[in-house]
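Letters go in sequence order (proteins before strands), and every chain restarts at 1. All figures in this text were calculated on a predicted structure; none of them were measured in a lab.
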Protein chains: 2
Amino acid sequence: MALNLYQLKAFFTVAQTRNFTEAAKRLYLTQSAVSHSVGKLEKSAGDKLFNKSVNGLELTEAGKILYKACETVFCEIERAEEQLAAVKNMNLGVIRLGATVEFGTTLLVKYLKGFINNNPRVHIDFQFRHELLKPLLNEELDMIIDCSEHDAGELSKTPLFREEYAVIASPGFVRKHGIRTPLDLAGQNVLSMDKSGRWWGHFLNALPEAERPELSAVTEMNHIRAIINAAVEGLGVGFVPRYCVMKELKGKILVEVFPKLKLFEGNFYIYQKTKRAGLKRHRSLVAYLKNIKSTHLERA
Amino acid sequence: MALNLYQLKAFFTVAQTRNFTEAAKRLYLTQSAVSHSVGKLEKSAGDKLFNKSVNGLELTEAGKILYKACETVFCEIERAEEQLAAVKNMNLGVIRLGATVEFGTTLLVKYLKGFINNNPRVHIDFQFRHELLKPLLNEELDMIIDCSEHDAGELSKTPLFREEYAVIASPGFVRKHGIRTPLDLAGQNVLSMDKSGRWWGHFLNALPEAERPELSAVTEMNHIRAIINAAVEGLGVGFVPRYCVMKELKGKILVEVFPKLKLFEGNFYIYQKTKRAGLKRHRSLVAYLKNIKSTHLERA
DNA sequence: CGAGGAATATTAGTATAATTCATAATATTC
DNA sequence: GAATATTATGAATTATACTAATATTCCTCG
């Protein structure tokens, strides 16, 4: 039989991308080369590896067996390369790190400065997107920081910190409308990511029933930055992750309307493919991120 | 960097054999090809992989890293091949089974008949030698059955059964010399693998001090079969593993001199490299052998 | 010390297999 | 059903793995 590594690599990439052309791009090869390689692999495996269905390529039974083998084989090779690099004081490789847009562009970049300075031989590439799970499973990303819950089968899940929300407005807005208690929000203009009420629902649920205001004037904005800037302009009251407005709160162009109210929501997690979580560079980045949690964020 | 499977295979085989020429033979290549491959691998790893010392080749630090990677990589590939073969109802591969000469040539072959008949798609090759550990670590053998204790670091060790010994002689010899108790052996001709007394020591130690005979006439024979045949010929009393003489005892050409004496010695174990113990064919053979233990041997 | 032997390295040529280019076949979309 | 995107195929090219012959190194032993 004698499986061949080039062919396995081509197959593995196709399996991840579900697309020969895309796989060829990732491998810096032509589509033809990838097709040939997979074809040869199928011949030596003695079985088709892909079925073409309406929703693209699917792995056959034999394909699934090979896919699993590829996962460990290529991960093991990468691990060896990393260790060799360590012995030779060379670059330890790349971590392609994904995060949500707001968190990534504001906090993450800032807090990772320390890691980047202390680990010059680990290179980090960033991808800030909303869809993070798929590229992680694709191995288009190595690690993602996400506040959604993903079912962790082949994924390793490391809790980072709880996401804290805050009700914010400009100081002028609060003064002008005399907002002191949640009930004072009734009738006030409220900035929300949705019209359905789900966005502010988390806030309302944190209150005893008697203190829940009737939110009647809702302005929809589909971007958190927009809500923050609108609040700064005194256009209304916003409900946003606290970390997004740290700077505005410090600069006093925004105030926390109910500073005593603790509004926690879902956790932030680090997700990685379990196999790849063993890489040294991955482990050290995770350790660093977990440390951040206690030193910086909870204090903030 | 981009490690290459052909090169890794060559390197791995050299590391196992500690010999380029021998590795080339195993791979059905020329020594030149192996040297080229290792050379290229060293170039792409950026480091020497072997040091030449007085006692042959030794792995460098980088070499050790790669060796470990190779162990998992090639085992994983073999595992995939086995699973693919299973899907396609093809041959599941080979188990190169090692065992001690006496045990292998007599009992093992006989008891494995059932496995071989029931598993026609698993091919077993046999190697009956005295030195078993080294070829196992070499991966010249996949599995060995041995009654020595080996330190099980990277080895998986499965206890099989206890080795029982017996004092045997021809019926005529026992009658002629009137041997009833161990003390009656004093002065009788005793057949032994050694002259030093270690061989019969196990027997003597099983007796209370007062009943230990003085063995004065020792005939040395360096082969168990020889001892057995000599005993059959009435040349003396032998001390041999019980399984070796089952047939002779049944055919009454030999008798157990002290049938009530239970003479146990070391255990028989199955040893495998831990990683390779995961292969399906290995697991099923081990399961079969363990079953043999309870059904056949303990009854015997 | 130096010849003989055993093991590994090197060089150059050949054979093999991987990749591309061009294009055909196939499936998808509107 | 034409237009588009995707995969498969065949021939030519390129890269590289392999061999044969030979050089080098290292060890052994008279």
Q. What is the pairing partner of dA22(C), taking Watson-Crick or G-U wobble pairs with both distances under 3.5 Å in any strand?
A. dT9(D)
Q) Could Asp47(B) and Lys88(A) be called an ion pair, given the rule that one side-chain N must be under 4.0 Å from one carboxylate O? A) no
Q.
Heavy-atom count check: over 12 atoms from other residues, nucleotides or ligands less than 6.0 Å from Asn222(B) CG?
A. no
Q | Atom pair distance, as rounded to whole Å: CZ in Phe11(B) and P in dA9(C) | A | 13 Å
Q | Pairing partner of dC30(C) (Watson-Crick or G-U wobble, both distances under 3.5 Å) | A | dG1(D)
Q) Is any side-chain N or O of Lys52(B) closer than 4.0 Å to OP1 or OP2 of dA9(C)? A) yes
Q: Using a 4.0 Å heavy-atom cut-off across all strands, classify Ser53(B) as base, sugar-phosphate, or nothing.
A: nothing
Q: Would you mind reading off the distance between Glu42(B) atom CD and dA9(C) atom P, rounded to a whole angstrom?
A: 7 Å
Q. Do other residues, nucleotides or ligands put more than 12 heavy atoms under 6.0 Å from the NZ atom of Lys275(B)?
A. yes
Q) To the nearest angstrom, how far is Lys25(A) atom NZ from dA5(D) atom P? A) 11 Å
Q: Starting at atom CG of Leu5(A), determine the distance to atom C1' of dT16(D), rounded to an integer number of angstrom.
A: 15 Å
Q: Tell me, yes or no, whether the heavy-atom count around Lys157(A) atom NZ, taken from other residues, nucleotides or ligands under 6.0 Å, exceeds 12.
A: yes
(Q) What is the separation between atom NZ on Lys43(B) and atom P on dA9(C), rounded to the nearest whole Å? (A) 13 Å
(Q) Just the rounded figure in Å: distance from P of dA8(D) to CG of Leu57(A). (A) 8 Å
(Q) Expressed as a whole number of angstroms, how long is the span from Leu41(A):CG to dA8(D):P? (A) 13 Å
Q | Phe20(A) CZ to dT6(D) P, straight-line distance once rounded to whole Å | A | 13 Å
(Q) One character per nucleotide, please: for nucleotides 17-22 of chain C, 5' to 3', B when the base has a protein heavy atom closer than 4.0 Å, S when only the sugar-phosphate does, - otherwise. (A) -BBBB-
Q.
So, does Ser35(B) get its side chain near the phosphate of dA9(C), meaning an N or O under 4.0 Å from OP1 or OP2?
A. yes
Q) Do Ser148(A) and Asp146(A) have side-chain N/O donor and acceptor atoms under 3.5 Å apart? A) yes
